[in-house]
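Here the structure comes first, spelled out in structure tokens, and everything after it is commentary.
The chains referred to below are lettered A, B, ... by the order of the sequence lines, with proteins before strands, and numbering in each begins at 1.
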Amino acid sequence: MDSKQHLYLVDGSAYIFRAYHRLPPLTNPEGTPVGAVYGYTTMLWKLAEDLNKADGPTHLAVILDASSISFRNDIYDQYKANRPPPPEDLVPQFPLIREATRAFSLPCIEEVGFEADDLIASYAREATRRGWDVTIVSSDKDLMQLVGKCAQPHDGIEGGCIDMLDTMKNQRIDIPEVIEKFGVPPEKVGDVLALMGDSVDNVPGVFGVGPKTATKLIQDYGDLESALAAAPSMKKSKLQERLIEQAEQARLSKVLVTLKEDCTLPMPLDEFRLDAIPSEPLAAFLGRHGFTSLLKRLDGGTGSPERATQLNPAKRVTAAAEGTGGSGAEGAARQPLPEWPAIDRTAYECVTTEAQLDEWIARAAAARLVAIDTETSALDAMRAELAGISLAVGPNQACYIPLGHGGSDMFAEKPQQVPIAQALARLKPLLESDAVLKVGQNIKYDINILARHGIHVAPVDDTMIVSFCLDAGRSLDGIGGGHGMDELAQRHLSHTTLTFKDICGTGKKAIPFGEVPLDRATQYAAEDADVTWRLHSQLRPRLSFEGGTRIYERVDRPLIPVVAQMERHGIKVDRDRLAGLSSQFAEAIGALEREIFAKVGQEFTIGSPKQLGDILFEKLGYKGGKKGKSGQYSTDQSVLEGLAGQGAEVATQVLEWRQLSKLRSTYTEALQAAINPATGRVHTSYSLVGAQTGRLSSTDPNLQNIPIRTEIGRQIRDCFVAEPGNVLLSADYSQIELRLAAHMADVPSLKEAFASGEDIHSRTAMEMFGTVDRDTRGRAKTINFAILYGISRWGLGGRLGVGADEAQAMIDRYFERFPGIQRYIHETLESVRAKGYSETLFGRKTWFPRVNSKNQAERQGSERAAINAPIQGTSADIIKRAMVRMGPALATAGLGHVRMLLQVHDELVFELPESDAQAAAPVIRQVMAEAALPAVSLDVPLGVEIGFGASWGAAH
DNA sequence: GGCCGAACGTA
DNA sequence: GTACGTTCGGCCC
């Protein structure tokens, strides 16, 4: 399997100038100045250390300017004409840069007539087209035009994306950082540069226009041409005159700053492949120039590039290892606390006038980044009324904008507030501006609240999800492992937040947020935004240092608006049909009750396991009672089935009673109550951080556990229906976890079986028992699932109804037939014990702080979860990738009316016009089947089964 | 009213 | 044996 390729392009020429100015002068034993060369060498060293790490390079090349003359001089002869000559002690270092690059055995690319920037742009374009990711090692502002650029998917290849790395500041530059610097997204940086010009390169720009004005013009008018076109109608000013006068000059500047992306590539990309840095000629180079500390590390110290030679993993699961060793539980990386002022709730402002509001909007726009939080009357984003919005632009720089306070009591005075319609109209451009990043804690909620007011919040970052991508499962004794704001504030800021309960009370005495007095409301709401802002600056940088960028940027972050939209769509349920089922069930429950009471000879609460246990095992004296740790008899399904086997008819009736009660209370009744009166549909809420493995979870109501297994339960699925003229389409991955296990554990016979479409459990039965019938296939199926869940002899024995010894014999047999599985389990556990976390094929981490516990039960529990997590998590990654791609794929196919409604772990449910069903099915199938590509190329096909009909039940 | 365990629905 | 969420009874304050 190929792991994701990642090309690093080092902007050597720009680096050398910066290194020269930032580092002290230094000479080698021969007396040649080498300060800048030393800086350059340590930079390459650092990059080499990241070889094959998550987000580290797999391919690396240095790009240099061959000469000072380029094709731009043909366009504009004054280009770079004003450059002062380089300092004289820098001149002799230029050739040494090439020497240093060769010492690292790295390709060094330069081409007469082109600047390094153009070659970088051209290589980046070609690499992303192939699906590679690209990191440009530079801090050159011209190159920021390329950041965030992703190649379009084509021929089944998912395009790679470009980011930058500033090694001096040790900072990743992605879209938010570019927006922060320029106030516009990367694709408009060229327009800003064209207006402001560049005195060093002698790009003329428009005289009198600097970065501030240039940014403002592009923000206001969209792009350079629009700004120039609008100039005549601007109010009279020097600026207006100059824009008109120097329009051509601005256009010329645009051409000069635009990077040429179609240079002929002097060396093919594949030759940039890098597995390790050979120690020669590097050692000789280091010695000659007196770089002794590096030489020492190369000779035997740790962390030298040479260690990379041992890091030559076959799979990404291990490739992304951070060679830290030790238990990750204790190593929970904490950024040092920044030097921020302590949280001061008296510093917050309550915004009640339009002038104040405009002031805050301007501050947020200037900051390019604003933390937001909406306060509402309820937790359900589809019903809640907006009470107010808080903003934060820096530590303690936060405000609360009340919008829906007061009014429930006709006699009380309503506090002064900006009228909600006006306030939202003012806020809308800010919240929708692609130049301003909106940061939230669970921002999906705010997205949905504001979407109901016609505001489509984007782009966004979410501190809850950043935390999840970094720290899923990472809890220590006494410190919770959750991702809620109160917990994160405690963990990362050592701050105790005001809680909702503190402000609104709880239970019956609770008051809606809109009734909280403004001073209290401001303290609570603005603090939430302040804390969110602080958490964001604390947590987000950790993503790139800890290998979380890919899963966050490519999977979880893009999923936020997709899931938000699914929640807003909701799904229609047939209320009358549910009510009919409900009374049907109620009748049957009543009849069973009467029969049970008659048999037992008394009335009691059947739903109480305590009472039921006493009656069955004390009063009626049945055998087989086992007491649990609470001292109660167990009366669960297996126990009651055992009693039924002894001829206890009452046990069978209790089982039926339980099934019907469950279906009635949890489904037929609850689902009717969940219908939103405004939309007439049921809107679940998905948690993106609900399961440690990366799966989604669903609440209020949970639509991921609607019955299907029994005939009687299946009737509930028939109550989920499409609107008239539409159908529901269900698409599910078949056996995805077993397929992933076959791939990840590299089991040839299972892979062959999947490739040829064979029945996998029959194949397992044949391997295990030499024969296939109902019995052996059933046992094989149980064993297959046991493997996925982290096998134990007792667990398997219990499930198969055999002793632990016999179960162990079957496990041994299984490992013998499928040695890859045993190897996978062993290697996974070794890795989790050493690093503290497991990883999916896409790099999602799950932490297991108890995997080295001295408590056996605790440790073994962690081990089972750790075996399961990479498989379950990879499956979750795959369906999430499919969900992110689904909307664009359907739109491209002209299927814009297809709405994705539900996700049930390996299934997606859509609602679509009946006439689209035949056309939509192949598109959906393809997106799902190819969702792992190109980041991961699986050895097994992903099967997708599709059906559609008037109801969810009929679609299966 | 709040919390916990038992039981049970799904993948 | 994995991963969840909801309901209920029972018990606490």
Practice task
Kindly say whether, by distance alone, the side chain of N702(A) makes a donor-acceptor pair under 3.5 Å with the base of dG5(C)?
Solution key: no

With a 3.5 Å cut-off and no angle check, do the side chains of [X] and [Y] form a donor-acceptor pair?
X       : Y       : answer
T635(A) : R658(A) : yes
Q704(A) : Y686(A) : no
D877(A) : T874(A) : no
Y814(A) : N784(A) : yes
N448(A) : R568(A) : yes
Q860(A) : S792(A) : no
Q808(A) : D812(A) : yes

In whole Å, I'd like the distance from the [atom1] atom of [X] to the [atom2] atom of [N].
X       : N       : atom1 : atom2 : value
K662(A) : dT10(B) : NZ    : C1'   : 10 Å
D636(A) : dT7(C)  : CG    : C1'   : 17 Å
Y667(A) : dA7(B)  : OH    : P     : 17 Å
E669(A) : dC8(C)  : CD    : P     : 10 Å
R799(A) : dT2(C)  : CZ    : P     : 11 Å
I606(A) : dT7(C)  : CD1   : C1'   : 16 Å
E737(A) : dT10(B) : CD    : C1'   : 13 Å
L829(A) : dG1(C)  : CG    : P     : 18 Å

Contact class for [X] (heavy atom, under 4.0 Å): base, sugar-phosphate, or nothing?
X       : answer
T782(A) : base
L696(A) : nothing
S698(A) : sugar-phosphate
A865(A) : sugar-phosphate
S687(A) : nothing
A876(A) : nothing
T506(A) : sugar-phosphate
I708(A) : sugar-phosphate
E907(A) : nothing
D700(A) : sugar-phosphate

Completion exercise
For R739(A) and S734(A), the nearest pair of non-hydrogen atoms, with its separation, is NE-O, 2.8 Å

Out of [options], whichever nucleotide has its closest atom nearest the side chain of [X]:
X       : options                 : result
R717(A) : dC8(C), dG9(B), dT10(B) : dT10(B)
N705(A) : dG1(C), dT10(B), dC8(B) : dT10(B)
S634(A) : dA7(B), dT10(B), dT7(C) : dA7(B)
T635(A) : dA3(C), dA11(B), dA7(B) : dA7(B)
Q637(A) : dT7(C), dG9(B), dA11(B) : dG9(B)

Just the atom pairs and distances: protein N or O near nucleotides 9-13 of chain C's N or O, under 3.5 Å.
{"from": "dG9(C)", "atom 1": "O3'", "to": "S608(A)", "atom 2": "OG", "distance (Å)": "3.1"}
{"from": "dG10(C)", "atom 1": "OP1", "to": "S608(A)", "atom 2": "OG", "distance (Å)": "2.5"}
{"from": "dG10(C)", "atom 1": "OP1", "to": "Q611(A)", "atom 2": "NE2", "distance (Å)": "2.9"}

Problem - Heavy-atom side-chain proximity of L592(A) to L655(A) below 4.5 angstrom - result: no

Side-chain N or O of [X] less than 4.0 angstrom from OP1 or OP2 on [N]?
X       : N       : value
T693(A) : dA3(C)  : no
R709(A) : dA11(B) : yes
R695(A) : dA3(C)  : no
R658(A) : dC8(B)  : yes

